[in-house]
Asker: 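Next up is a structure, given as structure tokens.
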Protein chains: 2
Amino acid sequence: MSTVTQTPCVGRPRAFDTEDALAKALEVFWRKGFEGTSLTDLTQAMGINKPSLYAAFGNKEQLFIKAIELYEQRPCAFFYPSLEQETAYQVVEAMLLGAASSLVDESHPQGCLIVQGALTCSEAGQAIKQTLINRRRDGEIALCERLQRAKDEGDLPAHADPLLLARYIGTMLQGMAVQATNGICPKELRSVAELVLTHFRDAFSKN
Amino acid sequence: MSTVTQTPCVGRPRAFDTEDALAKALEVFWRKGFEGTSLTDLTQAMGINKPSLYAAFGNKEQLFIKAIELYEQRPCAFFYPSLEQETAYQVVEAMLLGAASSLVDESHPQGCLIVQGALTCSEAGQAIKQTLINRRRDGEIALCERLQRAKDEGDLPAHADPLLLARYIGTMLQGMAVQATNGICPKELRSVAELVLTHFRDAFSKN
DNA sequence: TTAAATTTGTACCGATTGGTATATAAAATT
DNA sequence: AATTTTATATACCAATCGGTACAAATTTAA
């Protein structure tokens, strides 16, 4: 199932690649946020006109939704793949170091689209704001469940609180996203991640 | 030195209180961010007309600057007063518990204006975005200097890295601000703060 | 070769954006 | 009482917002 409309076999063919155009839109939303991005910004970056944008993606809001879906599937996305690590420590390590690397990767905008895409907005953007809140929550819930599994498997000690730990790691990741927009240098961000990892290992690792 | 223009003794007197109006503006900016707030939002909340707003505060950008100055001076501001605690641990404790309390205080909008006021924006808002980045940085620098003093006084162990610790606490505070906009419940946010404090005490406290 | 289907570019829509000109109202000063 | 000074309310400004109508262009199917 593709995230974009598929081209039919009749009628004039599209002059642009929808995946490429969506990637360009993602890049703009990432830098400017949902409401900070205008349709002019989008059509210029995507190299298409407004009617083409609306025909291919619906409207600005639906385009943004498709952009965040692409965002979570892009090669450097680190969150959900981290859950598949073998141990709780390795999961957290993959997340924190992945964040420390990806959030300041200069091949794309700094920070996290899910955090900075619509942290605050006007009434018109409340639906998008809530969508991003839900995405952040979903991530923490998934981490919580992974840590609960680790506890069940004896991979985390009995005194560990999976929900609290997931909130803690989630808070750190969101804070690191803000640091990335601040322009923190990659080395410093990685040092912060490593400090958290040391804490986690000392307090919860069984090795 | 007041943050607002003082009323002269000649001419028609102002029909509104500038401090009250500024407090109303702060409340709106806090909820909607700089660019998510329109002049109509502001004038309605402040109970004044646009010419009065411009005469008293300059323009939208200058009004926002005055709002963040008021924000940092309001009674529940916790950051800078925390620096005056006696020990490094008490400083960090005051910050984290103050944040856990203030960020979700229901007597005002959730989260932190300095974080969510303009995390992303259009070209028109870049100056405000940078202003907020600088404010965040200033806070971390001040904390770093306080922790360095603590180290000099023997209040922090020799292996402690003030800059890294300040970045770590700053990252947590910024993450907690995002959690607050997520709608996290006060108890959970406090638990996260306490987990960080436990870590800090275990790793760096000399008591 | 014609008809049907689809995309393209242009030009436009009403609504809203931040900001201001202007005339009137209300005060202190002379 | 007349003048000066400032604040008020209304009405307006050009520019931009997200979104669309429409006709020309380009393709496949009949």
Side-chain angles (χ1 to χ4, degrees), chain A residues 4-22 25 28-29 32-67 117-118 120-129, chain B residues 4-22 25 28-29 32-67 117-118 120-129:
Chain A
V4 293
T5 58
Q6 59 192 7
T7 53
C9 51
V10 301
R12 178 173 175 174
R14 271 209 188 92
F16 64 96
D17 182 276
T18 51
E19 290 289 345
D20 290 350
L22 181 57
V28 182
F29 280 135
K32 300 188 173 188
F34 175 65
E35 288 197 326
T37 300
S38 71
L39 283 179
T40 303
D41 292 331
L42 290 168
T43 55
Q44 283 183 356
M46 300 164 88
I48 63 179
N49 297 311
K50 278 192 274 188
S52 299
L53 188 156
Y54 278 80
F57 301 102
N59 61 14
K60 188 187 178 187
E61 192 165 324
Q62 292 168 40
L63 175 60
F64 186 81
I65 299 291
K66 283 161 183 152
T120 59
C121 54
S122 72
E123 271 90 5
Q126 290 299 321
I128 290 293
K129 175 182 167 183
Chain B
V4 293
T5 58
Q6 58 193 8
T7 52
C9 52
V10 299
R12 179 172 173 173
R14 271 210 188 90
F16 64 95
D17 183 276
T18 51
E19 291 289 346
D20 291 349
L22 181 57
V28 182
F29 280 133
K32 300 188 173 186
F34 175 66
E35 289 197 326
T37 299
S38 71
L39 282 180
T40 302
D41 292 331
L42 290 168
T43 54
Q44 283 182 356
M46 300 165 86
I48 63 177
N49 298 311
K50 277 192 275 187
S52 298
L53 189 156
Y54 278 81
F57 302 102
N59 61 14
K60 188 188 177 186
E61 193 165 323
Q62 293 168 40
L63 175 59
F64 185 81
I65 299 291
K66 283 163 185 151
T120 60
C121 55
S122 72
E123 272 90 6
Q126 291 299 321
I128 289 294
K129 175 183 166 182

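Below, chains carry the letters A, B, ... as their sequence lines are ordered, and counting in each starts from 1. The shown structure was predicted, so the numbers you read here are calculated from the model rather than taken from an experiment.
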Asker: Categorize Ala124(A) for me: base, sugar-phosphate, or nothing, with a 4.0 angstrom heavy-atom threshold over every strand shown.
Answerer: nothing

Asker: Quick one: closest heavy-atom pair of Thr120(B) and Gly33(A), and the distance?
Answerer: OG1-CA, 3.4 Å

Asker: Taking all non-hydrogen atoms of both residues, which atom of Lys129(A) and which atom of Ala118(A) are closest, and how far apart?
Answerer: CG-O, 3.4 Å

Asker: For Ala127(A), check side chain to side chain contact (heavy atoms under 4.5 Å, CB included) against everything at least two apart and list the hits.
Answerer: Glu61(A)

Asker: Return the set of residues passing ring pair (Phe, Tyr, Trp, His ring centres under 6.0 Å) with Phe29(B) (not counting sequence neighbours), or none when no residue passes.
Answerer: Phe64(B)

Asker: Please report the shortest heavy-atom distance between Met46(B) and Leu22(B), naming the atom on each side.
Answerer: CE-N, 4.5 Å

Asker: Within this structure, what is the CZ-to-C1' distance between Arg14(A) and dG9(C), rounded to whole angstrom?
Answerer: 16 Å

Asker: Grab the CD-P distance between Gln62(A) and dG18(D) for me, whole Å please.
Answerer: 15 Å

Asker: Please, which pairs that meet side chain to side chain donor-acceptor pair (under 3.5 Å) have at least one residue in residues 33-43 of chain B, sequence neighbours excluded?
Answerer: Lys32(B)-Asp41(B), Glu35(B)-Ser122(B), Ser38(B)-Asp41(B)

Asker: Taking the six-membered ring of Phe34(B) (Phe, Tyr or Trp), confirm whether the NZ or CZ of Lys60(B) is under 6.0 Å from its centre and within 45° of its axis.
Answerer: yes

Asker: All N/O contacts under 3.5 Å from nucleotides 23-29 of chain D to the protein, with atom names and distances to one decimal?
Answerer:
residue : atom : partner  : partner atom : Å
dA25(D) : N3   : Arg12(A) : NH1          : 3.2

Asker: Atom OH of Tyr54(B) to atom P of dT10(D): distance rounded to whole Å?
Answerer: 18 Å

Asker: Measure NZ/Lys32(B) against P/dG18(C) and give the value in whole Å, please.
Answerer: 11 Å

Asker: Could you check how far CZ of Phe16(B) sits from C1' of dA26(C), rounded to whole Å?
Answerer: 15 Å

Asker: Without decimals, in angstroms, what is the distance between Lys60(A) NZ and dT16(C) C1'?
Answerer: 13 Å

Asker: Quick one: label Ser122(A) by what it contacts on the DNA or RNA (base, sugar-phosphate, nothing), any heavy atom closer than 4.0 Å.
Answerer: nothing

Asker: Without decimals, in angstroms, what is the distance between Asp17(B) CG and dT8(D) P?
Answerer: 12 Å

Asker: Could you check how far CZ of Phe57(A) sits from P of dT20(D), rounded to whole Å?
Answerer: 16 Å

Asker: Please give me every residue in residues 39-52 of chain B whose heavy atoms get under 4.0 Å of an atom in DNA chain D, ordered by residue number.
Answerer: Asn49(B), Pro51(B), Ser52(B)

Asker: Indicate every side-chain donor-acceptor pair of residues 48-56 of chain A with a distance under 3.5 Å to a residue at least two apart or in another chain.
Answerer:
none

